[in-house]
Amino acid sequence: MKTEPSTFSLDDLVASPEQTTMWEGVRNYTIRNWMRDDMAVGDEVLFYHSSCAVPGVVGLAEITRTAYPDPTQFDPASHYFDPKSDPADPRWLVVDVRFVRRLERTITLAELKARADELDDFLLVRRGNRLSVMPVTDAQWTAILALEATG
DNA sequence: GCCAACGTTGGC
DNA sequence: GCCAACGTTGGC
């Protein structure tokens, strides 16, 4: 899961009540469907910082609540307000995400790109990808976290 | 249903 | 700040 640290960082997650946050503001149908269909309580998350000096994976988190309606879509004061969303059939969903641990070091985007062959078409390093949430296979997870120790 | 225009993402 | 890539919108 990507986030801009200037908006919501791993530190912000740590500082959140119960070190847990609602992953609000997803406005992409592909991601909405993954959240709805594929995210389960206990699923592990790579916490990724984007649009910053050194983009990369900085920590681990986990899903603590499955998809439910994103309240920001009904809040006219919210940046994420969606007047086309019907409260009887909410268009946008959130999941809850809880902090697990910081990585010992940032696993940078540059490293992930350099090892793209080992990561078996990891969406994050695919050209042109703009999704802010994306699935990670077990093999990719293992390969990525192996970098933490080895550099 | 096509597709051009527009807005957003996000690395650099 | 630039710009490539891609999703969304809306005219037709």
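Since this is a predicted model, take the numbers as computed values, not measurements. Proteins get letters first, then strands, A, B, ... in listed order; numbering begins at 1 in each.
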Within less than 4.0 Å of OP1 or OP2 of B:dT9, is there a side-chain N or O belonging to A:Tyr48?
no
Contact between A:Tyr80 and A:Asp75 at the side-chain level, heavy atoms closer than 4.5 Å - yes or no? no
task: Anything under 30° is parallel, anything over 60° is perpendicular, the rest tilted; go ahead and classify A:Tyr29 against A:Trp92.
output: tilted
Between CG of A:Asn28 and P of C:dT9 the distance, given in whole Å, is 12 Å
- Message: Please check this pair: side chain of A:Gln73 against backbone of A:Arg91, looking for a donor-acceptor N/O pair closer than 3.5 Å.
- Response: yes
B/S/- along nucleotides 3-8 of chain B (protein heavy atoms under 4.0 Å) is ----BB
A:His49 NE2 to B:dG10 P, in whole Å, measures 13 Å
Q) Could A:Arg101 and A:Glu148 be called an ion pair, given the rule that one side-chain N must be under 4.0 Å from one carboxylate O? A) yes
A:Leu131 CG to B:dT9 C1', in whole Å, measures 10 Å
**Study point:** Whether over 12 other heavy atoms sit under 6.0 Å from A:Asp86 CG
**Key:** yes
A:Lys2 atom NZ is separated from B:dT9 atom C1', nearest whole Å, by 8 Å
query: Does the A:Gln140 side chain pair with the main chain of A:Asp120, one donor and one acceptor, at a distance under 3.5 Å?
result: yes
Atom CD1 of A:Ile31 and atom P of B:dT9 are separated, to the nearest Å, by 10 Å
